[in-house]
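Just so it is clear, the model here is predicted, and its values are computed rather than measured. For this chain, numbers begin at 1 and follow the sequence in order.
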Amino acid sequence: LIRLQNLLIVAGTLYLVRYCILAPILKYGELSLQLSGFLFFLLVLSTVFITSAGYVINDYFDRKTDLVNRPDSVIIGKKINRRYAMAFHIVFNIIGILFGFYISISIGEPLLSLIFITVSGLLWFYSTTYKKQLLIGNLIVAFLTAMVPLIVLLFEYPLLKSSYSTLLTTFSSIFKYLTAWILGYSGFAFLLTLAREITKDTEDFEGDRAYDNQTIPIVVGTGYTKM
């Protein structure tokens with residue numbers, strides 16, 4: 001239900017971005033990471049819990065189309081009661097958002113907590129509405145996936161700026177370099193996920209057509225979709 005393999009990839013991506021991109025580049029400029037290991041661990045947990053909630057609510061609202069496309073893989077309504085699934089969704093979201101609030105307040109940037117609320121809301125509306133609309137759902141999932149590498153920098157930047165404000169020239173050049181690297185990975189994640197989502201829509205053609213979902217294959221046909 002929560003796609004454990006995907007969650008491990010999300011967590012692994014966050015740690016790799018932190019320790020294989022941010023840390024080495026900062027070290028090159030004789031700077032160092034400022035977000036504590038504990039707060040970063042909470043950031044990973046927050047991301048994982050909100051992602052889990054997104055998977056649950058997606059399966060909850062996709063039950064009818066999944067019964068057409070892949071009946072053997074349907075969990076909600078067969079192995080897990082629908083009310084329990086909704087309860088899991090709510091609990092996972094609350095935990096993720098609370099961790100997000102705690103981290104944001106701890107680093108003195110409470111406005112960053114809006115990221116977690118926004119992502120949670122986007123995942124809900126994606127599952128209920130946007131997924132059925134032409135391209136919008138695909139773009140939302142691609143954008144949220146691209147946010148995974150970027151969120152590491154978003155929560156490190158305020159502390160770096162505060163700690164190295166006296167080294168303005170060095171910090172500015174290193175930050176531009178960091179931003180270029182992470183935006184490169186985010187852009188890759190965006191494009192790869194967008195292609196993957198369009199491929200999934202092609203695989204789910206029959207179920208989407210049965211329930212009048214306006215996905216790319218339904219609107220333009222599978223031939224153009226593959227192109």
Partner of Thr13 under side chain to side chain contact (heavy atoms under 4.5 Å, CB included), picked from Leu16, Ile9, Val10, is Ile9
Salt bridge or not for Arg3 and Asp59, using N-O below 4.0 Å?
yes
Scanning both residues in full, the closest heavy-atom pair of Leu123 with Ile50 reads CD1-O, 3.6 Å
May I ask you to check whether Tyr157 and Phe175 place their ring centers less than 6.0 Å from one another?
yes
Can you measure from OG1 (Thr179) to CG (Leu150) and round to the nearest 0.5 angstrom?
8.5 Å
Quick check: do Phe99 and Thr47 have side-chain heavy atoms less than 4.5 Å from each other?
no
Pair Ser32-Tyr164, side-chain donor/acceptor within less than 3.5 Å:
yes
Phe125, CZ: over 12 other non-hydrogen atoms inside 6.0 angstrom
no
Output the distance between atom CZ (Phe49) and atom CZ (Phe116), rounded to the nearest 0.5 Å.
13.5 Å
Given the rule that I, L, V, M, F, W and Y join up when any side-chain heavy atoms are under 4.5 Å apart, are Phe143 and Leu154 in one cluster?
yes
Which atoms form the tightest heavy-atom contact between Leu33 and Ala23, and what is the distance?
CD1-CB, 3.9 Å
Spell out, as yes or no, whether a donor-acceptor pair under 3.5 Å connects the side chain of His89 to the backbone of Ala53.
yes
Greater than 12 external heavy atoms within 6.0 Å of Tyr15's OH:
yes
Do Tyr55 and Asn6 meet the criterion of a side-chain donor-acceptor pair at a distance under 3.5 Å?
yes
Angle between ring planes, Tyr177 versus Trp181, binned at 30° and 60°: parallel, tilted or perpendicular?
perpendicular
Take Asn213 and Ile218 through the side chain to side chain contact (heavy atoms under 4.5 Å, CB included) test and state the conclusion after the steps.
CA-CA 8 Å; Asn213 294 339; Ile218 299 294; 5.6 Å; no
Partner of Val119 under side chain to side chain contact (heavy atoms under 4.5 Å, CB included), picked from Leu122, Ile117, Ile115, is Ile115
Measuring from Leu112:CG to Ile107:CD1, what's the distance to the nearest 0.5 Å?
5.0 Å
Run the side chain to side chain contact (heavy atoms under 4.5 Å, CB included) test on Ile80 and Phe88 for me, step by step, so that the C-alpha distance in whole Å, both residues' side-chain angles and the decisive distance to 0.1 Å come before the verdict.
CA-CA 10 Å; Ile80 296 177; Phe88 287 146; 4.3 Å; yes
Is the number of heavy atoms from other residues, nucleotides or ligands under 6.0 Å of Tyr84 OH greater than 12?
no
Working to the nearest 0.5 angstrom, can you tell me the gap between Ile216 CD1 and Phe205 CZ?
13.0 Å
Between Ser186 and Ile182 (side chain of the first, backbone of the second, donor and acceptor by atom type, cut-off under 3.5 Å), is there such a pair?
yes
In terms of heavy-atom contacts, does CZ of Phe41 have more than 12 from other residues, nucleotides or ligands at under 6.0 Å?
no
Heavy-atom nearest pair, Ile21 first then Pro24, reads O-CD, 3.4 Å
Do Gln34 and Glu156 pass the side chain to side chain contact (heavy atoms under 4.5 Å, CB included) test, and can you show the C-alpha distance, the side-chain angles, and the key distance before you say yes or no?
CA-CA 7 Å; Gln34 297 300 303; Glu156 192 71 46; 3.6 Å; yes
Treating Ser162 as the side-chain partner and Pro158 as the backbone partner, does any N or O pair qualify as donor plus acceptor under 3.5 Å?
no
Contact summary for Val48 and Ala11, nearest pair of heavy atoms
CG2-CB, 4.2 Å
Heavy-atom donor-acceptor pair, Thr129 side chain to Tyr126 backbone, under 3.5 Å:
no
Check whether Ser73 reaches the backbone of Arg70 with its side chain - one donor and one acceptor, N or O, closer than 3.5 Å.
yes
Pick out which of Leu35, Leu39, Leu42 makes a side chain to side chain contact (heavy atoms under 4.5 Å, CB included) with Ser106.
Leu39
Could you tell me whether a side-chain N or O of Asp66 sits under 3.5 Å from a main-chain N or O of Val74, the two making a donor and an acceptor?
no
Would you say the ring centers of Tyr130 and Trp124 fall short of 6.0 Å from each other?
no
Please check: side-chain N/O of Asn58 versus main-chain N/O of Gly54, any donor-acceptor pairing under 3.5 Å?
no
Is the NZ atom of Lys78 crowded by more than 12 outside heavy atoms at less than 6.0 Å?
yes
Looking at Val91, Leu98, Ile97, which one forms a side chain to side chain contact (heavy atoms under 4.5 Å, CB included) with Ile94?
Leu98
Check the surroundings of atom OH in Tyr102: do more than 12 heavy atoms from other residues, nucleotides or ligands lie under 6.0 Å from it?
no
Do Ser46 side-chain atoms and Gly96 backbone N/O form a donor-acceptor pair below 3.5 Å?
yes
Taking the side chain as everything from C-beta on, heavy atoms only, tell me whether Asp212 gets closer than 4.5 Å to Lys132.
no
Salt bridge or not between Glu203 and Lys200? Use side-chain N to carboxylate O under 4.0 Å.
no
Working to the nearest 0.5 Å, report the span between OG1 of Thr193 and CD1 of Ile140.
13.5 Å
Do side-chain atoms of Tyr185 reach the backbone of Ala146 as a donor and acceptor pair under 3.5 angstrom?
no
Side chains of Lys131 and Asn138 only: does a donor on one sit below 3.5 Å from an acceptor on the other?
no
Quick one: does Leu111's side chain get under 4.5 Å of Leu114's, heavy atoms only?
yes
Which is it for Leu7 and Ser52 under the side chain to side chain contact (heavy atoms under 4.5 Å, CB included) test, yes or no, and what are the steps along the way?
CA-CA 7 Å; Leu7 298 180; Ser52 301; 3.1 Å; yes
Please tell me whether Glu109 and Ser104 have a donor and an acceptor in their side chains that are separated by less than 3.5 angstrom.
no
Heavy-atom pair of closest approach, residues Val148 and Ile151:
O-CG2, 3.2 Å
Nearest 0.5 Å, what's the CD1-CG distance between Ile76 and Leu1?
5.0 Å
Side chains of Thr166 and Phe171 in contact at under 4.5 Å (non-hydrogen atoms):
no
